[in-house]
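Heads up, the thing below is written out as structure tokens.
Values below: every heavy atom of this structure, side chains too, minus hydrogens, waters and symmetry copies.
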Amino acid sequence: MEKENKEIKSYQENTEADQQKMEQFQNNQEIVQVKSRQSNPVMGENAWLFLIMALIYSLCFAFAFYRNYISITFPLITAATLSACGLFLRKSNIPWKKSNWWYVLCCMILGISTFLTANIFVIFFNTVGILLLITVFMLRQVYDDSRWGFGQYLANMIFLYLNMIPEVARPFIHLADSLKKRRKQQNKKKTALYILLGVLIGFPMMIVVIILLSSADQIFSQVVGDLCYKLWEQILFSPNAFLVTFLMVIGFFGIYSFLSALALNNMPQWNSKRNKQNPITAITFLSMVTVIYLIFCVIQVVFLFTGGVLLPAGYTYAEYARQGFFQLLVVCIFNLILALCAMSLFEVNKILKGLLLLCSGCTYIMIASSAFRMILYISTYHLSFLRVLVLWFLAMLVLLMGGVVRTVLKPEFGLFRYSMIVVTFCYLVFSCGRPDVLVAEYNMAHMKEDISYEDLEYLAKLSLDTLPILNRYDFKHENCTCAGGEYVEEYDYYEPSLIWEYNSETERPVLLGCRRCLLNQRFHEVLEDTKDMNMRTFHFSKYLARNTAQKLFVQ
């Protein structure tokens with residue numbers, strides 16, 4: 001009896017060991033197999049609806065972006081894109097989640113911001129932001145993302161974009177399938193097919209006949225031949241027609257392949273119980289890095305935050321503040337990535353948590369040092385677009401590191417959603433704040449009529465947003481051939497004289513030139529660039545700059 005009990009106990013122990021090995025094997029898989037799901041048939045069942053929708057969207061896309069990318073049509077095409085996504089969700093019987101409405105609102109705000117500014121940097125990232133927001137919005141609508149982590153979200157977005165590549169052929173497949181179904185249902189109604197076949201045969205015949213008759217009769221050649229030549233050269237194969245066709249192709253296949261990739265319903269599922277690595281490795285390298293960070297933070301407190309009392313010889317306070325700023329910014333970004341990787345790849349215990357919190361605290365000191373350095377530099381050399389961008393990024397980094405600290409203390413914290421909200425909100429503030437206007441307002445308020453030619457030239461070349469502000473000051477002609485003279489012709493301007501002079505105080509050469517001529521030249525360029533502005537190409541920033549230029553030259 002005892003022998004049988006031992007055998008049973010041994011069998012149970014072996015069974016439990018085998019189960020543990022199987023569980024460990026499954027947990028060691030970083031990415032689980034793709035779940036077999038049935039693809040959403042909505043695109044195939046409503047092929048004609050989505051084909052017509054994509055065609056209409058492509059026409060709107062070409063209308064919006066034909067030789068025009070920042071006008072009032074930008075928020076309109078954004079609304080059209082969201083409407084196409086809404087049609088897909090409606091036909092798929094996918095209800096809109098209330099928590100996702102803010103994605104739609106943010107997209108529209110970014111579209112309106114593009115209409116209000118002429119800054120190319122802001123316009124580019126507005127476009128990128130809209131595309132990313134729409135992507136995340138549709139992923140959250142179609143899939144259950146409750147178990148997706150930060151890295152999983154990024155990987156799934158890339159997976160969706162890769163799926164769009166083969167889906168470019170999907171419109172042709174859906175069209176062929178739809179025609180087959182219709183042919184089976186309507187075998188007797190082939191009139192349209194016969195007409196199409198006749199057009200395809202008759203078109204090349206018509207071209208050959210026109211060529212022959214044009215060479216046979218001069219009057220016919222002038223009447224019909226020239227008309228066909230203009231149609232062929234100036235419309236069908238002109239650069240304008242090519243650009244319109246290209247935009248239509250981008251719009252049609254872009255929206256169709258995006259929705260078709262969502263309809264595949266083949267997003268990989270991730271193993272939420274992935275086996276993480278031993279934390280000793282992370283504790284070792286974090287300890288080494290944190291020691292260096294602590295030494296650096298002590299130096300910041302002693303040399304920088306004390307007001308420059310103990311600065312090295314030969315350094316001014318502003319020069320010391322400027323030195324190494326961008327390297328410090330890179331280190332802050334590196335610390336953010338380092339903390340994310342440590343939490344994702346290693347088991348988190350109390351020691352690792354303590355090191356991550358200490359590293360995060362050092363990062364906050366570095367961010368404060370970076371901001372302090374930049375503020376000191378701005379107090380001496382005033383604002384620029386890059387300096388505003390850096391201060392904005394540091395403020396956003398503070399909030400992102402707060403999410404990292406929260407994740408260290410509470411691992412189930414939704415870091416990706418938090419980061420998405422923080423980045424979106426901060427970028428909306430930056431985009432709608434019109435940073436070029438902020439730079440011009442600050443610099444002109446501090447320098448006023450004493451602004452140098454170089455500084456004024458920098459502000460004038462930022463974007464059209466700054467021109468109404470620069471024209472508030474009545475600069476007189478100086479260092480130019482028209483100094484003391486009057487303007488004779490409307491919209492005329494003089495090329496500014498470029499004269500260099502050595503400044504003994506700053507020990508650097510200073511560019512002298514006519515600030516009035518510089519602004520007149522810039523406003524003249526505005527009048528030339530905006531003379532063809534109409535309802536389709538209307539842009540708020542261009543409108544303000546043009547009005548300012550017209551008032552200037554009319555005086």
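By the neighbour-count criterion of 12 heavy atoms within 6.0 Å, atom CZ of Arg536 is densely surrounded, having more than that number from other residues, nucleotides or ligands. In Phe246, the CZ atom is not crowded: 12 or fewer heavy atoms of neighbouring residues, nucleotides or ligands sit closer than 6.0 Å. Summarising the local packing, CZ of Phe540 is surrounded by 12 or fewer heavy atoms from other residues, nucleotides or ligands at distances under 6.0 Å. Within a 6.0 Å sphere centred on OH of Tyr161, heavy atoms belonging to other residues, nucleotides or ligands number more than 12.
For the atom pair CG of Leu133 and OH of Tyr103, the computed distance is 7.5 Å after rounding to the nearest 0.5 Å. Met401 contributes atom CE, which lies 15.5 Å from atom CZ of Arg406 (distance to the nearest 0.5 angstrom). Taking CG of Leu87 as the start and CE of Met53 as the end, the distance is 5.5 Å to the nearest 0.5 Å. In this structure, Ile130 CD1 and Thr135 OG1 are separated by 11.5 Å, a value rounded to the nearest 0.5 Å. In this structure, Phe296 CZ and Thr290 OG1 are separated by 14.5 Å, a value rounded to the nearest 0.5 Å. To the nearest 0.5 angstrom, Tyr66 atom OH is 11.0 Å from Asn68 atom CG.
Applying side-chain contact (heavy atoms from CB on, under 4.5 Å) to Tyr293 and the options Leu286, Asn335, Val298 leaves one that passes, Asn335. Only one option out of Phe61, Phe63, Phe252 pairs with Leu247 in a side-chain contact (heavy atoms from CB on, under 4.5 Å); it is Phe61.
Aromatic pair Phe137/Trp96: ring centres closer than 6.0 Å. The ring of His539 has its center no closer than 6.0 angstrom to the ring center of Tyr543.
Residues Ser113 and Val122 share a closest heavy-atom pair of OG-CG1, 4.5 Å. Pairing each heavy atom of Phe88 with each of Ser92, the nearest pair is O-OG, 2.8 Å. In terms of heavy-atom proximity, Thr78 sits nearest to Cys107 at CG2-O, 3.8 Å. Scanning all heavy atoms of the two residues, the minimum distance from Gly129 to Leu110 falls at C-CD1, 4.0 Å. Heavy atoms only, all atoms of each residue included: Ala339 and Leu356 are closest at CA-CD2, 4.1 Å. Summarising the geometry of Leu59 relative to Met248, their closest heavy-atom pair is CD2-CE, 3.3 Å, with the distance given to 0.1 Å.
The closest side-chain donor-acceptor pair between Asn443 and Tyr458, if any, does not fall under 3.5 angstrom. A donor and an acceptor atom, one from each side chain of Thr530 and Arg546, are located under 3.5 Å apart. In this model, no donor atom of one side chain and acceptor atom of the other lie less than 3.5 Å apart for Asn471 and Thr548. With no hydrogens or angles considered, no side-chain donor-acceptor pair links Thr407 and Tyr418 at under 3.5 Å. With no hydrogens or angles considered, no side-chain donor-acceptor pair links Thr466 and Asp436 at under 3.5 Å.
Between Phe430 and Val388 there is a side-chain heavy-atom pair separated by less than 4.5 Å. For the pair Phe159 and Asn163, the minimum side-chain heavy-atom distance is below 4.5 Å. Contact of the Glu167 side chain with the Phe258 side chain is not registered, since no non-hydrogen atoms from C-beta on lie closer than 4.5 Å. For the pair Ile94/Met138, no side-chain contact is recorded, criterion being any heavy-atom separation below 4.5 Å from C-beta on. For the pair Tyr364 and Val398, the minimum side-chain heavy-atom distance is below 4.5 Å. Counting heavy atoms from C-beta on, the side chains of Phe416 and Leu154 come closer than 4.5 Å. Within the 4.5 Å cutoff, no side-chain heavy atoms of Tyr153 are placed close to those of Asn156. Between Met396 and Val423 there is a side-chain heavy-atom pair separated by less than 4.5 Å.
Under the rule for a salt bridge (Lys or Arg N to Asp or Glu O under 4.0 Å), the partners of Arg472 that lie at least two apart in sequence or sit in another chain are Glu441.
Ser257 places no side-chain N or O within donor-acceptor distance of the main-chain N or O of Val168, the cut-off being under 3.5 Å. A side-chain donor-acceptor contact under 3.5 Å links Arg387 to the backbone of Tyr381.
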